[in-house]
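This is a predicted model, so every value here is computed, not measured. Indexing begins at 1, ligand by ligand and atom by atom, following the structure's order.
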Amino acid sequence: DINGILVQLPLPKHLDDKAVIEAINPLKDVDAFHAVNVGKIMLGEYDFLPCTPAGVMEMLHYYNIEVSGKNCVVIGRSNIVGKPMGMLLLHENGTVTICHSRTKNLAEVCSRADILVAAVGKPKFVTADMVKEGAVVIDVGMDRDENGKLCGDVDFENVKDKCSYITPVPGGVGPMTIATLMKNTVKAAKIQNNL
Ligand code: NAP
């Protein structure tokens with residue numbers, strides 16, 4: 001009766017994320033967190049892609065933004081966003097740098113990016129000096145500003161005039177994640193029913 005299962009992370013501390021994810025049948029793992037699906041993504045032979053990075057790729061395709069040969073910088077290396085995001089950009093022949101809290105000269109690394117993906121979880125973390133003129137900026141962040149208002153990882157107001165494309169928060173990556181989840185669920189149902 002159930003075709004797709006998504007574990008909304010993070011789980012409460014007393015629950016073991018890994019054990020919960022590994023308990024899902026990989027064919028129903030519509031956010032591609034199970035080790036089998038993670039491995040398939042590494043190999044480039046997958047049934048499902050994690051919803052958030054896949055939604056980002058869908059946006060790039062929709063707007064005909066070429067990835068091949070571009071300098072792609074991803075800030076964040078989580079299993080659910082940063083790592084798979086880097087892998088998908090690599091599969092499309094981007095030259096990928098994945099940054100994290102130990103990265104040195106982050107602003108300088110980011111300012112070389114043709115495509116910059118922010119998945120840090122810190123409000124307005126990416127400032128205008130970190131963005132190259134004409135860059136494509138994808139903001140995955142879902143944060144709260146000092147007034148408790150939803151905002152992204154990018155300082156949108158100060159960055160928007162510098163880049164060629166930028167995703168807003170809310171209304172950017174978030175809805176794409178949900179749409180991709182639906183797409184993956186339909187695909188899962190088809191696979192399970194040999195359609
Ligand atoms: P996470 O697991 O907390 O990972 C954050 C990453 O940012 C880590 O790799 C961390 O580095 C890095 N980081 C933290 N501080 C940094 C700094 N000062 N400089 C450079 N890198 C730094 O978060 P996540 O689950 O990937 O989520 C990231 C953001 O995306 C959050 O705001 C989340 O709410 C949002 N999100 C949105 C969607 C959507 O559909 N729109 C989906 C998922 C997540 P270390 O690894 O070194 O600690």
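Atom 26 (O) of ligand 1 has as its closest protein heavy atom Ser78 OG, 2.5 Å. Nearest protein neighbour of atom 25 (O) of ligand 1, counting heavy atoms only, is Ile80 CD1, 3.5 Å. With respect to atom 47 (O) of ligand 1, the closest heavy atom belonging to the protein is Ser101 OG, 2.5 Å. Of all protein heavy atoms, the one closest to atom 29 (C) of ligand 1 is Gly121 N, 3.7 Å. Distance from atom 39 (C) of ligand 1 to its nearest protein heavy atom, with residue and atom name: Thr177 OG1, 3.7 Å. Taking atom 15 (N) of ligand 1 as the reference point, the nearest protein heavy-atom neighbour is Lys122 NZ, 3.1 Å. Given atom 16 (C) of ligand 1, the protein heavy atom at minimum distance is Val120 CG1, 3.7 Å. Of all protein heavy atoms, the one lying nearest to atom 42 (C) of ligand 1 is Thr52 OG1, 3.2 Å.
A salt bridge links Asp47 to Lys40: at least one charged side-chain nitrogen sits closer than 4.0 Å to a carboxylate oxygen.
With atom 38 (C) of ligand 1 as the reference point, the heavy atom nearest to it among Val140, Thr103, Val74 is part of Val140. Among His100, Arg144, Lys83, Arg77, the residue whose heavy atom lies closest to atom 20 (C) of ligand 1 is His100. By heavy-atom distance, the residue among Thr180, Asp31, Val56, Val81 lying nearest atom 43 (C) of ligand 1 is Val81.
The shortest N or O to N or O distance between Arg102 and ligand 1 is not under 3.5 Å. Distances between N or O atoms of Met142 and those of ligand 1 include at least one value under 3.5 Å. An N or O contact shorter than 3.5 Å links Asp143 to ligand 1 by distance.
One N or O on the side chain of Lys162 and one on the backbone of Ala128 form a donor-acceptor pair closer than 3.5 Å. Asn184 places a side-chain N or O within 3.5 Å of a backbone atom of Leu49 that can act as its donor or acceptor partner. Remark: the backbone N or O of Gly121 is paired with a side-chain donor or acceptor of Asp153 at under 3.5 angstrom. Judged by distance alone, with hydrogens and angles left aside, the side-chain atoms of Asp29 form a donor-acceptor pair with the main-chain N or O of His34 at under 3.5 Å.
A heavy-atom distance below 4.5 Å is found between the side chains of Leu89 and Met57. At least one side-chain heavy atom of Ile166 sits less than 4.5 Å from a side-chain heavy atom of Val159. With a 4.5 Å cut-off on side-chain heavy atoms, Cys110 and Ile75 count as touching. Between Ile41 and Leu43 the shortest side-chain heavy-atom distance does not fall below 4.5 Å.
For the pair Cys99 and ligand 1, no heavy-atom separation below 4.0 Å is found. Residue-ligand proximity: Gly82 is placed with every non-hydrogen atom at 4.0 Å or more from ligand 1.
Of all heavy-atom pairs spanning Ala135 and Cys163, the tightest one is O-CB, 2.9 Å. Residue Pro26 comes nearest to Phe48 through the heavy atom pair O-CE1, 3.6 Å, listed as atom of the first residue, atom of the second, then distance. Between Ala118 and Val154, the shortest heavy-atom contact is CB-CG2, 4.0 Å.
Near Gly76, meaning under 4.0 Å from one of its heavy atoms, ligand 1 places the atoms 6 (C), 7 (O), 9 (O). The Gly174 neighbourhood of ligand 1 comprises atoms 40 (O), 41 (N), with distances under 4.0 Å to a heavy atom of that residue. Each of the following atoms of ligand 1 lies closer than 4.0 Å to a heavy atom of Phe125: 17 (C), 18 (N), 19 (N).
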